[in-house]
Amino acid sequence: MADQVLLIRGGTVVDETGERPGDVLVTGGRITAVGAGLEVPAGATVLDASDCLVAPGLVDLHTHLRQPGQEEAETVETGARAAALGGYTAVVAMPNTDPPIDSAAVASQVLELGRGAVCQVAVAGAITVGRAGARLAPLGELAALGVRLFTDDGAGVQDSGLMRRAFEYAGGLGVTLAQHCEDNSLACGGHMHEGEWSSRLGVPGIPAAAEEVMVARDIALVRLTGAPVHFLHLSTSGSVALVAAARAEGLPVTAEVAPHHLSLTHAELAGYDPLFKVNPPLRTAGDVEALRQGCRAGVVDAVATDHAPHPQEAKDAPLDQAPPGLLGLQTAWPVTLAALTDVGMTPAGVLALLSWQPARIAGLHPDQGGEQGGPVVAGAAANLCVLDPGATWTVEPDRLASLSRNTPWAGRTLTGAVRHTVYRGEPVVTDGEARR
Ligand code: DOR
């Protein structure tokens with residue numbers, strides 16, 4: 001595919017330098033020209049981009065690919081295909097696999113599987129051995145393989161002393177710790193947000209404080225050690241306020257929110273439907289508004305999917321027994337676009353949160369030696385998405401590329417579609433269909 005010639009014609013190019021109408025010529029895996037009215041070279045494949053934004057591919061900081069260990073829910077191959085269909089050209093695979101990504105051997109296995117995938121697959125390593133929260137994982141060995149983010153996601157590191165040591169090692173290695181903020185002593189036994197709806201339904205809740213206590217603690221540890229932190233899937237207005245204060249202080253803190261937390265509330269649980277069970281849980285309308293405003297104000301740096309496939313049998317269980325998590329890769333762009341244009345953001349502002357800002361947090365931006373999220377200019381790697389902000393489509397779970405079906409958007413009509421995705425110069429998605 002490397003010598004394939006593509007002309008992406010008639011769109012509006014959007015990247016971190018701004019917006020302009022223009023065609024994009026791709027040859028041999030790289031962008032070779034950008035400009036209005038480019039001629040079609042002989043033998044070129046033309047991708048129509050009329051009414052579309054042509055942007056650097058989306059970058060997901062938070063994808064559960066389930067391999068190794070839970071291949072009935074997802075594999076690197078199927079998750080990457082779902083990503084490409086969602087406009088992503090890179091994902092960061094979370095380490096809560098079985099076995100977890102807490103050693104160079106498992107990290108190498110996932111990276112190797114990723115080499116054949118239809119998007120770039122970076123991995124996050126575990127902070128602690130087995131994600132058990134007791135002993136540090138070999139961060140140095142993992143960093144030597146190119147791992148840039150470390151997290152015990154699915155669980156927060158409970159022990160503050162251990163977390164301090166993790167920050168000290170991470171700072172020395174130049175890598176970033178990404179925290180799943182959840183204090184177990186406050187959250188344990190909860191299945192949804194603790195509030196009006198959990199009381200009405202008689203379901204044990206997870207208070208906002210379970211998240212905020214750990215956000216506050218880690219900010220204190222960043223202040224102590226000087227090492228950076230990235231906060232995963234923040235869900236409460238209090239967390240946004242803590243991050244804003246830390247940022248004003250000049251601390252190296254970044255934060256992501258998930259599309260579902262920008263658009264759904266705990267009222268979705270009214271029918272005890274496990275499809276809406278997720279961790280952190282869907283919160284209040286006030287929290288949704290605070291997360292949206294955090295995105296608009298630049299306090300939140302990225303929107304990340306927390307794509308969490310689960311087999312149908314698992315999600316068919318009663319609310320208290322079903323695992324938390326929902327699919328996100330194929331719906332992130334329209335769901336985020338709707339939530340954030342609602343608070344006055346432009347599509348370009350939304351793309352900053354979905355592409356170039358997460359690319360930097362993952363260490364994948366061209367400024368850092370990577371090939372993701374960079375300006376659409378001649379010479380750059382051709383990792384691109386072509387997005388139609390006005391197209392509508394209805395989510396049919398059986399038509400999603402994921403091996404799992406646990407989308408909360410089943411049957412809903414969304415505005416915003418992915419027309420094409422180009423990965424390393426190859427059109428892996430054209431006219432909304434995966435090519436391999
Ligand atoms: O809802 C969630 N599902 N939250 C997490 O932190 C983990 C994830 C999973 O792995 O299923």
Side-chain angles (χ1 to χ4, degrees), residues 60-76 79 82 91-102 110 123-128 130-131 133 149-158 177-184 186-188 190-193 205-206 210-211 214-215 230-236 239 255-264 266 268-269 273-283 303-317 319-329 331-332 402-409:
D60 191 25
L61 289 171
H62 200 139
T63 308
H64 296 276
L65 291 176
R66 303 297 191 217
Q67 197 174 8
Q70 232 202 324
E71 288 84 352
E72 72 281 15
E74 198 75 286
T75 65
V76 172
V91 299
V92 180
M94 288 290 110
N96 62 337
T97 47
D98 184 15
I101 306 176
D102 64 355
V110 177
V123 304
I127 297 173
T128 68
R131 299 175 45 255
L149 287 176
F150 289 83
T151 177
D152 280 359
D153 182 57
V157 177
Q158 304 296 308
L177 301 185
Q179 189 71 280
H180 166 117
C181 294
E182 181 177 16
D183 181 307
N184 289 350
L186 290 167
C188 75
H191 303 294
M192 64 180 294
H193 173 65
I206 301 171
E211 176 171 303
M214 197 170 280
V215 173
H230 174 67
F231 290 123
L232 301 171
H233 50 45
L234 291 184
S235 66
T236 79
S239 295
E256 70 182 39
V257 298
H260 46 276
H261 290 127
L262 287 173
S263 31
L264 301 173
H266 54 163
E268 302 285 350
L269 275 300
D273 187 345
L275 275 180
F276 297 97
K277 180 176 178 181
V278 61
N279 195 16
L282 301 177
R283 305 266 188 199
V303 172
T305 66
D306 197 4
H307 178 83
H310 287 289
Q312 186 89 30
E313 317 81 76
K315 273 296 199 183
D316 277 347
L319 186 64
D320 60 337
Q321 286 157 40
L326 43 82
L327 302 184
L329 287 167
T331 49
S402 175
L403 289 181
S404 296
R405 297 284 169 263
N406 54 308
T407 172
W409 304 104

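What you see is a predicted model, and the numbers here were worked out from it, not measured in a lab. Each ligand, and each atom within it, is numbered from 1 in the order the structure gives.
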Test side-chain contact (heavy atoms from CB on, under 4.5 Å) on D183 and Q158; report intermediate values, then the result. CA-CA 7 Å; D183 181 307; Q158 304 296 308; 4.3 Å; yes
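- Close approach of ligand 1 to V278 (heavy-atom distance below 4.0 Å) involves ligand atoms 1 (O).
- Among protein heavy atoms, the minimum distance from atom 9 (C) of ligand 1 is reached at R66 NH2, 3.4 Å.
- Ligand 1 places these atoms under 4.0 Å from at least one heavy atom of G154: 6 (O), 7 (C).
- In this structure, L232 and C181 have side chains that are not in contact, with every pair of non-hydrogen atoms separated by 4.5 Å or more.
- Using a 4.0 angstrom heavy-atom cutoff, P323 does not count as in contact with ligand 1.
- The closest protein non-hydrogen atom to atom 2 (C) of ligand 1 is N279 O, 3.5 Å.
- K277 does not count as a contact of ligand 1, since none of its heavy atoms falls under 4.0 Å from the ligand.
- Residue contacts with ligand 1: H310 is included, with a non-hydrogen atom under 4.0 Å away.
- For H260, the closest heavy-atom approach to ligand 1 does not fall below 4.0 Å.
- Between D153 and H233, some side-chain heavy-atom pair lies under the 4.5 Å cut-off.
- Ring pair H193/H266 is perpendicular by interplanar angle, where above 60° counts as perpendicular and below 30° as parallel.
- Under the 3.5 Å distance criterion, with hydrogens and angles disregarded, no donor-acceptor pair is assigned to the side chains of S404 and E74.
- Using a 4.0 Å cut-off between heavy atoms, N96 contacts ligand 1 through its side chain alone, with no backbone atom that close.
- The shortest N or O to N or O distance between G325 and ligand 1 is under 3.5 Å.
- In terms of protein heavy-atom proximity, atom 8 (C) of ligand 1 is closest to H64 NE2, 3.7 Å.
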Could you walk me through whether V303 and V257 satisfy the side-chain contact (heavy atoms from CB on, under 4.5 Å) test, starting with their C-alpha distance in whole Å, then the side-chain angles of each, then the deciding distance to 0.1 Å, before giving a yes or no? CA-CA 5 Å; V303 172; V257 298; 4.2 Å; yes
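- Residues D102 and P95 form no side-chain contact, since every pair of their non-hydrogen atoms from C-beta on lies 4.5 Å or further apart.
- Checking only distances, P324 does come within under 3.5 Å of ligand 1, N or O to N or O.
- Every atom of ligand 1 is numbered from 1 in the order shown, and the set under 4.0 Å from a heavy atom of H180 is 6 (O).
- Close approach of ligand 1 to A308 is summarised as follows: ligand atoms under 4.0 Å from at least one heavy atom of the residue are 3 (N), 8 (C), 9 (C), 11 (O).
- Side chains of H191 and D320: a donor-acceptor N/O pair is absent below 3.5 angstrom, by distance only.
- Neither the backbone nor the side chain of H307 has any atom closer than 4.0 Å to an atom of ligand 1 (non-hydrogen atoms only).
- With a 4.5 Å cut-off on side-chain heavy atoms, L149 and L61 count as touching.
- The proximity of D153 to ligand 1, defined as any non-hydrogen pair under 4.0 Å, is limited to the side chain.
- A 4.5 Å side-chain heavy-atom check between L282 and K277 finds every atom pair outside the cut-off.
- Applying the 4.0 Å criterion to heavy atoms of H233 picks out, from ligand 1, the atoms 6 (O).
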